[in-house]
Amino acid sequence: MTTRIDGHTILIGLMAYPIRHSMSPTMHNSAFEKLDLNYAYLAFEITNDELPNAIEAIRTLDMRGSNVSMPNKQKVIPLLDKLDPAAELVGAVNTIVNDNGVLTGYTTDGTGFMKSLEDENLDIRGEKMVLTGAGGAGTAIAIQAALDGVKEISIFNQKDSLWENAQRNVAIINEKTNCKATLFDLSDQDTFKNEIADGLIYCDSTGVGMKPLEDLSLVNDPSWFRKDMIVYDTVYAPRTTKLMKVAETAGVKHVFNGLGMMLEQGAEAFKLWTGEDMPTDYIRDLLF
Ligand code: NAD
């Protein structure tokens with residue numbers, strides 16, 4: 001990679017903490033190299049306190065933009081000049097684009113989720129989705145799915161600090177889109193089971209299934225699933241989660257981990273920065 005960096009190379013960042021484990025630098029730099037684009041993508045460990053200086057550096061260094069991840073996805077909003085409408089509804093930003101010093105915030109997690117289904121020739125528009133979780137990932141997924149035409153979303157959350165966010169998501173979806181959203185307490189297991197039985201897709205965005213909750217799943221009984229449904233876990237480490245094993249035991253035809261979403265949220269950001277399509281098949285073969 002060093003051989004292709006010269007005096008004209010344009011920098012794109014990733015600002016989060018911790019972030020050294022991220023696959024994004026390899027993903028983007030491999031795509032730049034493949035397409036012979038003169039960009040470099042670097043990860044910077046940036047906390048909330050350091051964020052104002054880091055965002056100003058995008059302007060100072062004339063960077064093309066940056067990804068942001070936790071704990072900066074919400075905190076970055078007041079530091080930007082403009083917000084894409086979807087980012088405004090989600091209340092979070094994961095991609096910044098710098099146009100001559102004007103910084104615009106986008107969210108590509110939700111579009112990445114929807115695109116990953118499209119990649120599998122699956123269309124959930126007009127259908128019902130059951131979603132667990134209402135944090136960063138769950139909010140982006142719910143709002144983008146509603147904007148894209150999913151007919152009904154049943155959101156289940158436990159009564160923790162994210163419950164209010166789940167209430168907010170449901171209110172926004174019902175007010176701003178044609179989708180009907182309803183919030184349920186995850187402890188109501190009968191309703192959880194019945195709603196899953198009634199939906200085309202069950203998506204878990206809680207992170208249950210990855211460390212430190214590896215080998216756990218919010219659904220443990222294969223009989224809750226139908227063979228013709230979609231079961232989607234946003235977790236990608238491990239590649240096969242407990243939820244996916246339960247779904248596979250049930251014979252579910254379409255079972256996914258979060259790698260497709262990860263790839264496509266990156267591809268959406270790549271397009272915003274470079275105007276080019278990420279060579280996703282090449283990256284998928286290289287990294288996954
Ligand atoms: P978050 O902390 O913002 O939200 C977590 C959600 O899970 C909340 O709604 C919380 O109430 C719920 N939750 C937490 N522990 C739970 C438990 N034990 N039982 C039931 N519900 C529980 O987290 P986030 O940023 O939304 O990330 C969630 C998951 O999504 C992580 O696994 C993350 O790796 C994954 N993710 C994947 C992608 C991707 O591209 N594939 C992108 C973003 C996040």
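Start at 1 and go down the list; that is how both ligands and their atoms are numbered. Only a predicted model underlies this, so the values are computations on that prediction, with no experimental measurement involved.
Atoms of ligand 1 lying under 4.0 Å from at least one heavy atom of V208, given by number and element, are 16 (C), 17 (C), 18 (N), 19 (N). Ligand 1 places these atoms under 4.0 Å from at least one heavy atom of L162: 8 (C), 9 (O), 11 (O). Of all the atoms in ligand 1, the ones that sit under 4.0 Å from a non-hydrogen atom of G133 are 9 (O). Shown in contact with G135 at under 4.0 Å from a heavy atom are these atoms of ligand 1, numbered in order with element: 1 (P), 3 (O), 4 (O), 8 (C), 9 (O), 26 (O). Within ligand 1, the atoms closer than 4.0 Å to a non-hydrogen atom of G136 are 3 (O), 24 (P), 26 (O), numbered from 1 in the order shown. Atoms of ligand 1 found under 4.0 Å from any heavy atom of D160 (numbered from 1 in listed order, with element): 10 (C), 11 (O). Per-residue contacts place G207 under 4.0 angstrom from the following atoms of ligand 1 (heavy atoms of the residue considered): 29 (C), 31 (C), 32 (O). Interface of L186 with ligand 1, defined as ligand atoms under 4.0 Å from a residue heavy atom, comprises 20 (C).
Ion pairing between D190 and K193 fails under the 4.0 Å rule for side-chain N and carboxylate O. With salt bridges taken as basic N to acidic carboxylate O contacts below 4.0 Å, one links D277 and K271. Salt bridge K253/D228: absent, no basic N to carboxylate O contact under 4.0 Å.
Side-chain atoms of N257 and T240 include no donor-acceptor pair closer than 3.5 Å. Counted by atom type alone, K242 and N220 present one or more donor-acceptor pairs between their side chains at under 3.5 Å. Using a 3.5 Å distance cut-off with no hydrogens or angles, the side chains of T47 and D49 do not pair a donor with an acceptor. With no hydrogens or angles considered, no side-chain donor-acceptor pair links Y236 and T241 at under 3.5 Å.
Side-chain contact between F32 and N38: absent, with no pair of heavy atoms (C-beta onward) separated by less than 4.5 Å.
Protein heavy atom at the shortest distance from atom 28 (C) of ligand 1 is S205 O, 3.2 Å. The nearest heavy-atom contact from the protein to atom 43 (C) of ligand 1 is A137 CB, 3.9 Å. M261 CE, 3.8 Å is the protein heavy atom nearest to atom 42 (C) of ligand 1. Remark: minimum distance from atom 41 (N) of ligand 1 to any protein heavy atom is reached at G258 O, 2.8 Å.
Applying the side chain to side chain donor-acceptor pair (under 3.5 Å) definition to pairs two or more places apart or across chains, those involving residues 57-71 are Y41-N67, E56-R59, R59-D81, R64-D99, N67-T95.
In terms of polar-atom proximity, defined here as any N/O pair under 3.5 Å, N157 does make such a contact with ligand 1. In terms of polar-atom proximity, T234 is counted as a contact of ligand 1, with an N or O under 3.5 Å from an N or O of the ligand.
Residues that satisfy the side-chain contact (heavy atoms from CB on, under 4.5 Å) test with A31, not counting sequence neighbours, are F270, M278, P279, I283.
Among L122, V231, I201, the single residue meeting the side-chain contact (heavy atoms from CB on, under 4.5 Å) criterion with F256 is L122.
Of the listed options N94, T206, V235, T206 places a heavy atom closest to atom 13 (N) of ligand 1.
Contacts with ligand 1 closer than 4.0 Å are made by no heavy atom of W163, backbone or side chain. The proximity of Q158 to ligand 1, defined as any non-hydrogen pair under 4.0 Å, is limited to the side chain. Counting heavy atoms under 4.0 Å from ligand 1, residue M210 touches it through the side chain alone.
Protein heavy atoms come within 4.0 Å of atom 15 (N) of ligand 1. For atom 33 (C) of ligand 1, the protein comes within 4.0 Å by no heavy atom at all.
Relative orientation of the F156 and F192 rings is tilted, given thresholds of 30° and 60° on the angle between their planes.
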